[in-house]
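One structure is given below, encoded as structure tokens.
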Amino acid sequence: MTIIIAILQAILLVVVAPLISGIARKIRAKMHSRKGTSILQDYYDLAKLMKRSEVREGGSGIISRLMPPIFLGCFVLIAAGLPLVMQACPIPMLGDMITILYLMALPRFMFALASIDSAGSYTAIGGIRELLVGVLVEPSLILVLFVMASAVGSTNVGLMSTAVANLQATPLVAVVVAGVACAMACYIEMGKLPFDMAEAEQEIQEGPLAAYSGPSLAMLKLGVSLKQVVVASLLVCIFLPFGSAPTLAPLDILIGFLVFVAKVLVVFLIASVIENSAMRARYKILGRYTWFVVGIASLSLVFLIIGI
């Protein structure tokens with residue numbers, strides 16, 4: 001039963017990721033007093049790209065060919081392992097904190113490696129920016145998850161979710177501060193302004209995407225949308241697990257699914273509002289914006305050590 005839930009929730013996130021991305025883009029357009037594109041525009045783009053032939057840069061090798069399926073596949077695996085609609089992980093092995101961190105780091109590594117493999121100037125700069133964002137935000141996310149693992153006594157995300165839902169994660173202040181730091185780190189990982197802009201493939205930030213076309217570009221676009229949903233889901237399932245199904249009863253699963261969808265939509269609504277109050281920053285000064293996240297994550301560790 002849990003394997004079926006894991007497969008279904010992974011398929012669900014893959015299917016709805018373009019829709020949520022379209023809704024977020026529509027919210028941004030309305031806040032800018034623009035009509036904006038249809039919320040289904042991402043589906044139209046993906047269908048159009050899947051029909052086109054691939055055009056590759058001269059000199060690109062096997063890394064460039066492997067990057068799109070690896071990028072998408074890693075986030076599909078994370079989506080299958082997270083406790084989205086119920087408190088326990090459907091696949092405990094995929095719900096381990098260390099496994100999740102590695103699966104999130106691999107796409108970024110392949111993304112940067114592909115930017116070098118393509119031998120393009122803009123793609124290489126885009127890869128550098130991606131690595132810089134990773135260096136700035138991943139330590140905070142690792143520290144937050146370490147605090148939660150220490151507070152719960154396990155690296156399993158499902159046990160973290162259960163402990164928070166039952167108010168058993170202690171010390172409470174450390175957990176709350178870790179949740180704030182995790183929310184800020186996840187906002188950066190979602191590719192929101194001022195840190196990134198997910199659809200900026202014609203600019204320097206998403207440089208490697210400019211080297212792809214056809215089905216490969218479709219996989220990457222879908223992977224970028226799926227990454228945003230997965231990161232938001234990670235925040236929700238660890239620090240906002242309230243309403244998740246405590247058992248495998250069909251009614252509990254249905255309620256957990258509806259509550260999960262509502263929580264993710266609220267997270268994207270808040271992220272869209274914050275994004276529209278900021279402008280994109282140059283990658284050389286990103287550290288000025290991320291030191292605060294590191295400080296809050298470190299503060300949660302201090303509270304954990306002193307036990308408050």
Side-chain angles (χ1 to χ4, degrees), residues 75 78 81-83 95-109 129-165 167-196 227-242 263-264 267-268 270-271 274-275 277-278 281 283-308:
F75 290 107
I78 298 175
L82 289 177
D96 187 79
M97 177 189 80
I98 299 174
T99 303
I100 292 173
L101 289 173
Y102 273 107
L103 286 175
M104 292 183 67
L106 181 58
R108 174 170 281 125
F109 172 75
R129 183 185 178 101
E130 183 70 15
L131 288 177
L132 179 60
V133 172
V135 169
L136 292 174
V137 70
E138 284 182 358
S140 301
L141 193 57
I142 292 172
L143 188 56
V144 164
L145 292 178
F146 172 77
V147 169
M148 288 303 299
S150 301
V152 175
S154 173
T155 58
N156 186 275
V157 175
L159 294 179
M160 297 180 193
S161 176
T162 303
V164 174
L167 302 178
Q168 296 174 347
T170 55
L172 182 59
V173 175
V175 172
V176 172
V177 175
V180 174
C182 185
M184 298 175 70
C186 287
Y187 179 85
I188 301 173
E189 282 282 8
M190 288 170 66
K192 299 297 184 180
L193 296 175
F195 306 99
D196 278 328
K227 177 184 178 181
Q228 295 183 21
V229 180
V230 166
V231 170
S233 301
L234 180 65
L235 170 66
V236 165
C237 70
I238 295 179
F239 293 98
L240 299 171
F242 310 104
K263 288 187 290 188
V264 169
V267 168
F268 270 89
I270 295 173
I274 296 174
E275 184 180 25
S277 63
Y283 76 93
K284 291 184 178 180
I285 62 173
L286 287 179
R288 301 179 186 177
Y289 295 90
T290 56
W291 68 267
F292 190 60
V293 184
V294 178
I296 295 179
S298 302
L299 188 61
S300 69
L301 179 62
V302 173
F303 287 148
L304 176 69
I305 293 174
I306 62 180
I308 63 172

Any non-hydrogen side-chain atom of [X] less than 4.5 Å from a side-chain atom of [Y]?
| X | Y | answer |
| --- | --- | --- |
| Met148 | Val164 | yes |
| Val229 | Phe268 | yes |
| Phe239 | Cys182 | yes |
| Val231 | Met104 | yes |
| Pro241 | Val236 | no |
| Val264 | Val267 | no |
| Cys237 | Val157 | yes |
| Met160 | Met97 | yes |

If you measure from [atom1] on [X] to [atom2] on [Y], what distance do you get to the nearest 0.5 Å?
| X | Y | atom1 | atom2 | value |
| --- | --- | --- | --- | --- |
| Lys263 | Phe242 | NZ | CZ | 8.5 Å |
| Ser150 | Ile305 | OG | CD1 | 9.0 Å |
| Leu143 | Ile296 | CG | CD1 | 12.0 Å |
| Lys227 | Glu189 | NZ | CD | 4.5 Å |
| Asn156 | Ser161 | CG | OG | 9.5 Å |
| Asp96 | Tyr102 | CG | OH | 11.0 Å |

(request) Among Leu82, Leu145, Thr155, Val230, find the residue that satisfies the side chain to side chain contact (heavy atoms under 4.5 Å, CB included) test when tested with Ile100. (result) Leu82
Kindly give the heavy-atom pair with the smallest separation between [X] and [Y], and that separation in Å.
| X | Y | value |
| --- | --- | --- |
| Leu235 | Cys186 | CB-SG, 4.0 Å |
| Leu304 | Pro171 | CD1-CD, 3.6 Å |
| Glu138 | Ala105 | OE2-CA, 4.1 Å |
| Ala163 | Val152 | CB-CG2, 3.9 Å |
| Ala178 | Ser300 | N-CB, 3.6 Å |
| Leu141 | Ala185 | CD1-CB, 4.3 Å |

(message) Before you tell me yes or no, could you show the steps for Val137 and Val293 under side chain to side chain contact (heavy atoms under 4.5 Å, CB included), namely the whole-Å CA-CA distance, both residues' side-chain angles and the distance that decides it to 0.1 Å?
(response) CA-CA 8 Å; Val137 70; Val293 184; 5.6 Å; no
